[in-house]
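Owing to the predicted nature of the structure, the values given are computational and were not obtained by experimental measurement. To find a chain, count down the sequence lines: A is the first, B the second, and so on, and within it residues start at 1.
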Protein chains: 2
Amino acid sequence: MDTSIKVKFDKIDRKILEILQANAKITNAQLSKDIGLSPAPTLERVKKLEQSGIIKSYHAKLDAEKIGLGVSTFVLVSLIGHNKGNIDAFMKEINGIPEVIECHHITGTGDFILKIIAKDITAYQKLMLEKVSEIREVDSMQSMVILSTFKDSKVLPIPE
Amino acid sequence: MDTSIKVKFDKIDRKILEILQANAKITNAQLSKDIGLSPAPTLERVKKLEQSGIIKSYHAKLDAEKIGLGVSTFVLVSLIGHNKGNIDAFMKEINGIPEVIECHHITGTGDFILKIIAKDITAYQKLMLEKVSEIREVDSMQSMVILSTFKDSKVLPIPE
DNA sequence: GAATTTTCAAAATTTTATGCGGTACAAATG
DNA sequence: CATTTGTACCGCATAAAATTTTGAAAATTC
């Protein structure tokens, strides 16, 4: 299974991708002006980028504070075993917890790093005690509370 | 300065936010059906959510592999000093590196955690040696390479 | 309980997306 | 070297969607 299917795209496509990453709500007319094409071929290119899977989806970014989410953390998690069964079981549990918004398998001392978001410290503690540490496969955890976020870019640096 | 400006929103607004986080490209007509209102008040609510800053922006999510970005990492960074001047200088440098897509100030042993994305290990190494570790304020760094990502949700769990 | 404000729906208008020839250019072929 | 073939583009026509307007209903306030 090749998960790194490279799809060809040129300079114009790259520009489209940069613009849509930064602002998905731009109209096709404006986008076409920005890249120097007429609307028809512009739209065609966007559709192709969507169909090829280069563009996976479109999302609204919310202000976490304003919707009452005051606590964000990274959590390093070690599992009791590293076999596939354990990892699958862990993943399944994690997928059921909406407060865990990211879960990555990583190298190094910990096995996984999670990004978690909660209302406040109380809610976070409750979540950790009652949900995360209850997962059978979890051995140890180490929390890093985010004090402030200086950069949270939704724009990936597209290589040449 | 109050960074946690709470803005009122009801159950319908919450539903709108959930839908737009998962799929920003939904038409207003479809959104209005999903939430059980007619198009006009639906659009009005969305505009209000945008103006109040609850919805900050809209972004296209790309497939990192397909655009040739094969290596993602988290990096724990310790600074040589923790005074404001140092932190500001560090932030300024970080903002100029597009491969650093996230930068958070955190509690714990490290001072900062970065999320970095690069073409491959070679490009990553070059980036770290020539850009990140060259920043004067950086003391030590610890990289955690992402082997695979199991969850990367763009939907925040909105509290009651 | 009357007045005010807010929320909503329906219809009209404006804006935007989309599909359709037709053309120019480039690479491949005879 | 001419011809073919294919691709990418443009401009226009049409369809779809967003947005505004108007006025009614519901909730809130006094």
S.K.: Backbone N or O of Val145(B) within a donor-acceptor pair of the Thr107(A) side chain at under 3.5 Å?
M.R.: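 A pair under 3.5 Å: yes.
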
S.K.: Provide, to the nearest angstrom, the distance between the CG atom belonging to Leu37(A) and the P atom belonging to dA8(D).
M.R.: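 Rounded to whole Å, this separation is 12 Å.
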
S.K.: Starting at CG of Leu31(B) and ending at P of dT19(D), how long is that distance when rounded to a whole Å?
M.R.: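 Distance, rounded to whole Å: 12 Å.
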
S.K.: Please pick, from dT18(C), dC8(C), dA9(C), the nucleotide with the shortest atom-to-atom distance to any side-chain atom of Ile12(B).
M.R.: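 From the listed options, dC8(C) comes nearest.
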
S.K.: Out of dA10(C), dC10(D), dT7(C), which has the shortest distance to the side chain of Lys48(B)?
M.R.: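 The answer is dT7(C).
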
S.K.: Rounded to whole Å, please give me the gap between CG in Asp10(B) and C1' in dA26(D).
M.R.: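 Rounded to the whole Å, the gap is 15 Å.
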
S.K.: Using a cut-off of under 3.5 Å, enumerate the N/O to N/O pairs linking the protein to nucleotides 23-28 of chain C.
M.R.:
none

S.K.: Can you tell me if His82(A) and Asp111(A) form a side-chain donor-acceptor pair at under 3.5 Å?
M.R.: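 The criterion, which ignores hydrogens and geometry beyond distance, is satisfied for Asp111(A) and His82(A).
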
S.K.: Within the distance-only criterion (no hydrogens, no angle test), does the side chain of Lys151(A) pair as donor or acceptor with the backbone N or O of Val100(B) below 3.5 angstrom?
M.R.: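 Indeed, once roles are kept as given, a pair shorter than 3.5 Å links the two residues.
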
S.K.: Are the charged groups of Lys115(A) and Glu102(B) less than 4.0 angstrom apart, N to O?
M.R.: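 A salt bridge links Lys115(A) with Glu102(B).
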
S.K.: Identify, with sequence neighbours excluded, every residue that meets salt bridge (Lys or Arg N to Asp or Glu O under 4.0 Å) alongside Asp88(A).
M.R.: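 Partners of Asp88(A) by the salt bridge (Lys or Arg N to Asp or Glu O under 4.0 Å) criterion, ordered by chain and then number, come out as Lys84(A).
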
S.K.: Protein-nucleotides 15-18 of chain D N/O pairs closer than 3.5 Å?
M.R.:
residue : atom : partner  : partner atom : Å
dA18(D) : OP1  : Asn28(B) : N            : 2.9
dA18(D) : OP2  : Asn28(B) : N            : 3.0
dA18(D) : OP2  : Ala29(B) : N            : 3.4

S.K.: Between Lys61(B) and Asp63(B), does at least one N-O distance fall below 4.0 Å, as a salt bridge requires?
M.R.: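 So Lys61(B) does not pair with Asp63(B) through a salt bridge.
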
S.K.: Answer yes when Asp10(A) and Arg45(A) have at least one side-chain N-carboxylate O distance shorter than 4.0 Å, and no when they do not.
M.R.: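 Yes, charged N to carboxylate O under 4.0 Å.
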
S.K.: Measure CD/Glu44(B) against P/dT21(D) and give the value in whole Å, please.
M.R.: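 Roughly 12 Å, once rounded to whole Å.
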
S.K.: What's the closest nucleotide to the Arg45(B) side chain, out of dC9(D), dC8(C), dC20(C)?
M.R.: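 Side chain of Arg45(B) sits closest to dC8(C).
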
S.K.: Between Phe90(B) and Phe150(A), does the ring pair (Phe, Tyr, Trp, His ring centres under 6.0 Å) criterion hold? Intermediate values first, please.
M.R.: CA-CA 10 Å; Phe90(B) 173 69; Phe150(A) 294 134; 8.2 Å; no

S.K.: Ion pair present between Glu137(A) and Lys92(A), side-chain N to carboxylate O less than 4.0 angstrom?
M.R.: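 So Glu137(A) does not pair with Lys92(A) through a salt bridge.
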
S.K.: Rounded to the nearest Å, what distance is computed from the NZ atom of residue Lys33(A) to the C1' atom of nucleotide dC9(D)?
M.R.: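 Spelled out: NZ on Lys33(A) to C1' on dC9(D) is 18 Å.
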
